[in-house]
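A short worksheet on the structure shown next.
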Amino acid sequence: MNHWTPDDIPDQTGRTALITGASSGIGLETARALARQGARVILAGRSQTRLDQAAQTVRATAPGARTHTLVLDLADLSSVRDAATRIAETETVDLLFNNAGVMNLPERRTTRDGLEMTVGTNHLGHFAFNAHLWPAVLRSPAPRVITVSAIAARWPTGRLDDLMSQKNYRPMAAYAKSKRANIVYTLELARRTANSPVTALAVHPGSAMTGLQKHGTSPLNRILTPIAARLLMGSTQGAAWPSLYAATSPHAQTGSFTGPAGRNQTTGTPQPARLPAGADDPAQGRRLWETSEQLTGVPFNPQTTTTQHPPT
């Protein structure tokens, strides 16, 4: 793959991007880059105040940019439904970024709906959001769904058995599960939308200080994280490159996994990344899809324009 930077993004005028976790970090950098190329951006996140600040940042970067905000709490399936329904009824979403996430929660916590918080937010919240939002995606003539995973998806602790960590909870194991689920979901979405205009892609951003690390509260973590940030991690801007490449490059293909090309795939120009072992197994994809429908109560048939809503 040739060297690629955001300067290679083609004109995005007329296209709408919806980005979860857009109030900071990779999501905000993704919004800024797309707005500079003419895209309309919908910034989704939990805090209206922070979203307003992010929208101001985007407009400062790209004067005249069209920005909208969407309050969305991925750890609350009622919030997910309400936010997605607002968009699904009238909007067209050309680029959907499943970007938001949490990491390294010290103790096992649950979402409002009783799901383990890390997988519940990083995977299940996005699964339900995508399902409810899907009519807006299918209005686009060439939609792309970009899901942000992580290198942690390759860790052995990321196996998808005990998905809710009911038998054993370890903070980074739960994170690894959620990031593997992001990839397995993407590959299954690609299979279920084959021979359609939908392009489903997974990316990992390499390593950067993005705000996810704030949950590591041990004294050792507080000492080592700043050192790692200086010596080992790239910039937040660079961490957004794989997402931007997947969203805009004519060479990005459905079912692909993209990450940085640099040493240990931590930074650098986007290139194809190695999948976690077994992540492309169709049987695993089907199991995760069915489990996700059961846990969220949201049926999702991506080949149709209507998502069924469970009884309230």
Side-chain angles (χ1 to χ4, degrees), residues 4-74 80 83-84 86-87 91-102 121-122 125-126 129-130 133 136-137 140 142-150 182 199 201-206 208-212 234-249 252 258 260 270:
W4 183 97
T5 75
D7 291 337
D8 296 309
I9 297 174
D11 181 35
Q12 297 296 301
T13 301
R15 290 174 73 73
T16 294
L18 193 162
I19 307 163
T20 69
S23 59
S24 64
I26 294 171
L28 178 55
E29 293 302 329
T30 300
R32 293 173 64 191
L34 292 173
R36 283 195 294 266
Q37 299 301 324
R40 171 176 172 257
V41 293
I42 302 174
L43 309 166
R46 290 180 296 174
S47 166
Q48 184 66 63
T49 299
R50 295 187 65 198
L51 288 172
D52 290 340
Q53 293 170 347
Q56 291 177 1
T57 299
V58 171
R59 292 192 294 269
T61 302
R66 294 182 299 156
T67 63
H68 300 268
T69 61
L70 179 70
V71 175
L72 165 68
D73 184 354
L74 289 165
V80 167
R86 286 177 52 194
I87 303 299
E91 294 275 8
T92 297
V93 173
D94 302 285
L95 304 173
L96 173 59
F97 294 86
N98 297 319
N99 168 78
V102 297
T121 300
N122 297 358
H126 279 120
F129 185 65
N130 289 192
L133 188 76
V137 173
S140 171
R144 295 194 186 192
V145 180
I146 302 93
T147 301
V148 180
S149 181
N182 288 155
T199 300
L201 312 101
V203 303
H204 79 77
M209 290 296 294
T210 63
L212 282 177
S235 68
T236 304
Q237 292 90 339
W241 286 18
S243 294
L244 292 165
Y245 174 86
T248 65
S249 172
T258 300

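Sequence positions, counted from 1, serve as the residue numbers for this chain.
By the 4.5 Å heavy-atom criterion applied to side chains, L34 and T248 are counted as neighbours. Taking the side chain as every heavy atom from C-beta outward, T199 and I146 never approach each other to under 4.5 Å. Considering only heavy atoms from C-beta on, W241 comes within 4.5 Å of T5 through its side chain. A 4.5 Å side-chain heavy-atom check between L43 and S23 finds every atom pair outside the cut-off. L96 places none of its side-chain heavy atoms less than 4.5 Å from the side chain of P143. For the pair T20 and L72, the minimum side-chain heavy-atom distance is below 4.5 Å. Side-chain atoms of P205 and S243, non-hydrogen and from C-beta on, never get closer than 4.5 Å to each other. Side chains of N99 and I26 form a contact here, defined as non-hydrogen atoms less than 4.5 Å apart.
Between D73 and V80 the shortest heavy-atom distance is O-CG2, 3.6 Å. Between A240 and T30 the shortest heavy-atom distance is CB-OG1, 3.8 Å. When all heavy atoms of V58 and A65 are compared, the pair lying nearest together is CG1-CB, 4.3 Å. Nearest heavy atoms, A55 versus T69: CB-CG2, 4.4 Å. Taking all atoms of both residues into account, the shortest heavy-atom contact from P10 to Q37 is O-CB, 3.9 Å. Taking both residues in full, the closest heavy atoms of L201 and A252 are given as CD2-CB, 3.5 Å, listed atom of the first, atom of the second, then distance.
A side-chain donor-acceptor contact under 3.5 Å links D94 to the backbone of T16. Although no hydrogens or angles enter the test, the distance criterion places no donor-acceptor pair under 3.5 Å between the side chain of D11 and the main chain of G38.
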Checklist entry - side chain to side chain contact (heavy atoms under 4.5 Å, CB included) between L244 and W4: does it pass, once the steps are laid out? => result CA-CA 10 Å; L244 292 165; W4 183 97; 3.7 Å; yes
Next on the checklist: Apply side chain to side chain donor-acceptor pair (under 3.5 Å) to residues D52 and Q48 and explain how you reach the verdict.
Outcome noted: CA-CA 6 Å; D52 290 340; Q48 184 66 63; 2.8 Å; yes
Item to check | From CA spacing to verdict: side chain to side chain contact (heavy atoms under 4.5 Å, CB included), T147, H126 | outcome: CA-CA 9 Å; T147 301; H126 279 120; 6.0 Å; no
Checklist entry - Please walk me through it: do R32 and T57 pass side chain to side chain donor-acceptor pair (under 3.5 Å)? => result CA-CA 8 Å; R32 293 173 64 191; T57 299; over 6 Å; no
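A distance of 13.5 Å separates CG in L51 from NE2 in H68, rounded to the nearest 0.5 Å. Residue L18 holds its CG atom at 9.5 Å from CG of N130, rounded to the nearest 0.5 Å. In this structure, OG in S149 is found 11.5 Å from CG in N98, a value given to the nearest 0.5 Å.
Every salt bridge (charged side-chain N to carboxylate O under 4.0 Å, His left out) that R40 has, sequence neighbours left out, goes to E91. For the side chain to side chain donor-acceptor pair (under 3.5 Å) test, no residue two or more places apart in sequence or in another chain qualifies with S249.
Within a 6.0 Å radius of CZ in R36, more than 12 heavy atoms belonging to other residues, nucleotides or ligands are found.
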